[in-house]
There are 2 protein chains.
Amino acid sequence: MIDDISLNILKILQQKARIPNVEVARQVGMAPSAVLERIRKLEKMGYIDGYEVRLNPERFGKSQVAFIQVHTSGKTEGQGLVKTLSGLPQVQEIHYVAGKDSYLLKVRETDTQALGRLIRERIAPIKGVTGTTTTIVMNTFKETARIPIDDQDLIR
Amino acid sequence: MIDDISLNILKILQQKARIPNVEVARQVGMAPSAVLERIRKLEKMGYIDGYEVRLNPERFGKSQVAFIQVHTSGKTEGQGLVKTLSGLPQVQEIHYVAGKDSYLLKVRETDTQALGRLIRERIAPIKGVTGTTTTIVMNTFKETARIPIDDQDLIR
DNA sequence: AATGAAAAAAACTGGCT
DNA sequence: AGCCAGTTTTTTTCATT
């Protein structure tokens, strides 16, 4: 259901989304209409989830990244907990991790002060939270959502 | 340099990149040409970093997410270390974190087995790496690169 | 599925306010 | 900066192979 041509199209798009279809068509050596049809199909079949703008966090005063391990009482408070956390725009990621009933959050805030406030006022008070461990990011060298698709292990 | 209208445009784009300009124009109540000019300016001034496709990792057999804390000897091996790590497509993020000379990586692999191989064969052998601590993600509830821009603390 | 031609929509340009 | 009107480019549709 997904062949080398489609794979190639996705690679091109992952390199630079928002290049015109005609250009993609030129690069894969097909007619624009054919490429369009393939992309539509890839979207419909769920290979493509969507398109995102990447804003520059610095410019918006959201330079401070931190990872917060949220420890919970484990008594299936998960539902409301996740929902509440999801509602916080500063929380970019929520992962349930192996170990001892805890979630790992990636958050973005203005500075460490705002971060502290976020944790104290928004996260710590959530029902089921027994504590947090914060890891402050001092420098980010790579940050992308690209996934490796050179591979043979895709679900066709 | 950035006003409420531009802010609004960015909000709309963050909601759904790849909607036509005319539609954005309609939503902010301006002429398409004016909106276009604003977007171009936002790009040029570095508020917009770029546009990305979001591929569905499941479909590409990259469902396993893990965070790897890489401990280093700290003797400024940083340069080569970061460069080597950056070259690994499975490594989506590289952060230098506060604490005891360590980097935090976000990686995506096929399964825990492939993850183990990645760590043993690609990460552990890097010069300056003294050890790794891996946190396996069992479930991801939120994962976005969106940043909060409702705010007053943006660099104008 | 792919193509090519035609139609529709969108992006862009420039002159003017 | 924004708008409008004209131009170019891109996207989309569709009949055909």
Side-chain angles (χ1 to χ4, degrees), chain A residues 1-56 58-61 145-146 149-156, chain B residues 1-56 58-61 145-146 149-156:
Chain A
M1 227 79 179
I2 187 169
D3 59 5
D4 290 340
I5 299 173
S6 288
L7 222 55
N8 201 217
I9 290 172
L10 291 175
K11 274 186 209 172
I12 292 167
L13 287 179
Q14 238 190 175
Q15 222 58 25
K16 197 172 190 299
R18 263 233 166 170
I19 71 171
N21 229 306
V22 242
E23 177 60 17
V24 180
R26 204 188 53 72
Q27 286 189 41
V28 299
M30 278 205 302
S33 52
V35 173
L36 183 71
E37 198 186 345
R38 274 172 179 271
I39 293 177
R40 289 285 170 272
K41 231 172 253 178
L42 288 166
E43 286 167 353
K44 196 164 304 183
M45 292 172 66
Y47 288 96
I48 295 174
D49 268 348
Y51 304 85
E52 277 194 349
V53 213
R54 271 276 184 180
L55 301 187
N56 185 341
E58 321 283 321
R59 292 308 207 109
F60 296 89
R146 274 184 209 172
I149 55 172
D150 13 70
D151 294 343
Q152 44 284 93
D153 46 19
L154 77 167
I155 318 302
R156 293 172 195 263
Chain B
M1 227 83 179
I2 188 169
D3 59 5
D4 290 341
I5 299 172
S6 288
L7 222 56
N8 201 219
I9 291 173
L10 290 175
K11 273 187 209 171
I12 292 167
L13 287 180
Q14 243 193 169
Q15 223 57 25
K16 196 172 189 297
R18 264 229 168 175
I19 72 169
N21 227 305
V22 237
E23 176 59 17
V24 180
R26 203 188 52 72
Q27 287 190 41
V28 299
M30 277 205 303
S33 54
V35 173
L36 185 69
E37 198 185 345
R38 273 172 180 272
I39 293 178
R40 289 287 168 269
K41 233 173 249 175
L42 289 167
E43 287 167 352
K44 196 163 304 184
M45 292 172 65
Y47 288 96
I48 295 175
D49 268 348
Y51 304 86
E52 277 194 350
V53 214
R54 271 278 182 179
L55 301 187
N56 185 340
E58 321 282 321
R59 291 309 206 110
F60 295 90
R146 272 183 211 174
I149 54 173
D150 12 67
D151 296 341
Q152 45 283 95
D153 46 19
L154 77 166
I155 320 300
R156 293 175 196 261

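In the text below, chain A, chain B and the rest are named by the order of the sequence lines, each starting its count at 1.
Taking atom NZ of A/Lys41 as the reference point, atom P of C/dA2 lies 7 Å away to the nearest angstrom. Put simply, CD1 on A/Ile39 is 9 Å from P on D/dT12, counting in whole angstrom units. If you measure from atom CD1 of A/Ile19 to atom C1' of D/dT9, you get 15 Å, rounded to the nearest angstrom. The CD-C1' distance, from B/Glu43 to C/dC12, rounds to 13 Å in whole Å.
A heavy atom closer than 4.0 Å to some atom of DNA chain D occurs in A/Asn21, A/Val22, A/Ser33, A/Leu36, these being the qualifying members of residues 21-37 of chain A. A heavy-atom distance below 4.0 Å to DNA chain D is reached by none of the residues of residues 9-18 of chain B.
Not a single salt bridge (Lys or Arg N to Asp or Glu O under 4.0 Å) links A/Glu58 to another residue, sequence neighbours left out. Scanning for side chain to side chain contact (heavy atoms under 4.5 Å, CB included) contacts around A/Arg40 gives A/Leu36, A/Glu43, with sequence neighbours left out.
In this structure, A/Val53 and A/Leu55 have side chains that are in contact, with non-hydrogen atoms separated by less than 4.5 Å. A 4.5 Å side-chain heavy-atom check between B/Gln27 and B/Ile19 finds at least one atom pair inside the cut-off.
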In a table with atom names and distances, give each donor-acceptor pair under 3.5 Å that connects a side chain of residues 8-15 of chain B to protein atoms at least two apart or in another chain.
unit_1: B/Gln14; atom_1: OE1; unit_2: B/Ile147; atom_2: N; d: 2.9
unit_1: B/Gln14; atom_1: NE2; unit_2: B/Ile147; atom_2: O; d: 3.1

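Note that CZ of A/Arg54 and CZ of B/Arg146 are 12.5 Å apart. Values are rounded to the nearest 0.5 Å. Separating the CZ atom in B/Arg59 from the CD1 atom in A/Ile48 is a distance of 11.5 Å, to the nearest 0.5 Å. Expressed to the nearest 0.5 Å, how far CG of B/Asn21 lies from CZ of B/Arg26 amounts to 13.0 Å. The OH atom of A/Tyr47 lies 10.0 Å from the CG atom of A/Leu7; values are rounded to the nearest 0.5 Å. In this structure, CD on B/Glu37 lies 9.5 Å from CE on B/Met30, to the nearest 0.5 angstrom.
Taking side-chain N and O atoms only, A/Arg40 has no distance below 4.0 Å to OP1 or OP2 of D/dT11.
For the helix from C/dA1-D/dT17 to C/dT17-D/dA1, the axis fitted to the five pairs at one end and the axis fitted to the five pairs at the other end meet at an angle of 30° (nearest 10 degrees).
With respect to the salt-bridge test (charged N to carboxylate O, under 4.0 angstrom), the residues B/Arg38 and B/Asp3 qualify.
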